Asks: 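Just dropping this structure here.
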Amino acid sequence: MTAAFTYSFQSEWIKKKRTLASWLVIIGGFFTPAIVIVARLINHSKLKEAYLATDYWERHWRNSWESMAMFLLPVGVIMATSLITQIEYKNNTWKQVHTAPLSLTVLFFSKLLVVVVMIVQFFILFNAGIYASVIIPFWLVKGVPYPPEPINYFYFLKENAFYFIDCLPIIALQYLLGLRFKNFLVSIGAGFLLWVASLGSLIWKYGYVLPYTYCMYNYLKGETISKAASPAVNIHWMALLYASFFLAAGYVLYVTQKEKG
Amino acid sequence: MTSYCLQTQHLTHYYSTSEKVLNQINLQVPRGSIYGYLGPNGAGKTTTLRLVLGLLRVQEGEVFIFDKPFNQHRLELLKSIGSMIESPSLYGHLTAYENLDLLQRIYKCPKARIAEVLSLVGLANTGSKKASQFSLGMRQRLGIAIALLHNPSFLILDEPTNGLDPNGMIEVRELLKKLNREQRITILISSHLLSEIEKMVTHVGIVHKGSMLFQSTLEELKTRQLQSSSIELETSNAEAAVQIAKEFNIHPEIRHEKIVLPVVSKKIVARLNQQLVQQGIDVYAINIVKNDLETIFMDVINN
């Protein structure tokens, strides 16, 4: 089973080569840092003061995550997951996949793992981008010091882990929809609607019932003047619960479908 | 006793409660054969093949491959089966090599096998060209290469010559015959044209409107062809000629001013000809009218 899973994962990994989803990961990971770098180079006169701030890294982290948590991460995950699942429909290859000597469980989880690894890749690239958006202005602008404040690695790792957990329900539900519906617009459309609904429900005290809100709530929790209601529950546990539920439902729907290509 | 590579028992399938697409199909594909599964479009060929491969859930009946029930030995049996159902399953954004590479990992066959099958189907020099840029014929050949990658002992091909030019058809036919002859691969090939596969198959099954109408060897189908042949005589007086023919214990018919007799020996035909001439009837032509296999196929379907 483990060997079959490894081979199946390798096979799935090859399939994503040159796809839009794989480009999305790279472009999405460096998009915000690139904008931050350009903005800093334009406003370079204020950089020295900013780099010397005692809470420089935390502030830089939050600035970098703003557009990411509210927009790019949820939408990126919606797009990437749907694109990966659509590879088989688009190429009419489900029949080949389902006549390979692999169990449905192996197929389901190996494809899912590709999506998860891609999201991890995205987090790594984005973190590298965040650091690059500090270091590049430091190299290019004369007189800008390297931030003297030590980096709190534990805090950043913890925050990465929270954002990752918080986007798991999006991955799981988009995966379910992508496997279930041949029409690409169903999964993308449903994902987009849920994201818009999540944005709109942030101020509602029960906004946390929507499974696409957790990345946004994780970002907004540190706001001094909060734009959102404070969830009455632990959002990370809620994210894990939703992800488990969507995953189980997706698995059952996948293995019980009557037509397999 | 014949050993079957594939056997279905009373395979019946409904797309909806009112739409029965397969009715009690008992397919029997002998080991080592090239079995032509024939029928017009919409007859139920692809549905049968999808049921056999587990792409559709079996509602009624059973499927046995190498004498083992498919449902209970799915993974084990799929290792020995190569298939191409309807159009080839290709990832358009990948090259031919990459399309095979991702399957090579699953089937755990040697890497060298990729180059082998690519060369076998004449796609060894496609390099970095993506499958989406392939012609229909190239796509079809890559589909066959995928089916052959893991050296299967049973090959299921659904209309594999679709879209190929006459030369491509001949190439595929020769390739399949070679695989069957040299590697003893059993091949089940579906088609809606008998003429397309009659030069390679050893066995034939004819399906129409979801029911199996004929299943036997190609020889048996050819015997039917002979039985349905006739002799046609063109004479100056058809009615008198019929009376003379009756003296030979033959019961001819007159069709379009010509006398049509069942096939009899050459000697009897010669004697009948002599007799007609002696009786003053001019004989303009004697022809053997052979129904081609396509006509037999159409007869089976229409009756």
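Reminder, nothing fancy here: chain letters follow the sequence lines and each chain counts from 1. Treat the numbers as computed from the prediction; the structure is a model and nothing was measured.
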Asks: Just give me the residue among A/Gln257, A/Arg18, A/Glu259, A/His98 that pairs up with chain B most often, heavy atom to heavy atom, under 4.5 Å.
Replies: A/Arg18
Asks: Report which part of B/Ser132 has an atom under 4.5 Å of a heavy atom belonging to chain A: side chain, backbone, both, or neither.
Replies: neither
Asks: Answer whether the closest heavy-atom distance between the side chains of A/Thr32 and A/Phe126 falls below 4.5 Å.
Replies: yes
Asks: Could you tell me whether the side chain of A/Val134 reaches within less than 4.5 Å of the side chain of A/Arg40, counting heavy atoms only?
Replies: yes
Asks: Can you find a pair of side-chain heavy atoms, one from B/Gln7 and one from B/Val29, that are under 4.5 Å apart?
Replies: no
Asks: If you tally heavy-atom pairs under 4.5 Å against chain A, which of B/Met84, B/His150, B/Arg57 wins?
Replies: B/Arg57
Asks: Pick from B/Leu53, B/Ile81, B/Leu90, B/Leu77: which one has the most heavy-atom pairs with chain A under 4.5 Å?
Replies: B/Leu90
Asks: With a 4.5 angstrom heavy-atom cut-off, is it the side chain or the backbone of B/Asn99 that approaches chain A, or both, or neither?
Replies: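 Contact with chain A involves no heavy atom of B/Asn99 at all.
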Asks: Looking at OG1 of A/Thr85 and CG of A/Leu112, how far apart are the two atoms once the value is rounded to the nearest 0.5 Å?
Replies: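 The OG1 atom of A/Thr85 sits 10.5 Å away from the CG atom of A/Leu112.
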Asks: Please determine which of A/Lys182, A/Lys16, A/Lys111 meets the salt bridge (charged side-chain N to carboxylate O under 4.0 Å, His left out) test together with A/Glu88.
Replies: A/Lys111
Asks: Side chain from CB out, backbone as N, CA, C, O: work out which of these in A/Ser103 comes under 4.5 Å of a heavy atom of chain B, or both, or neither.
Replies: both
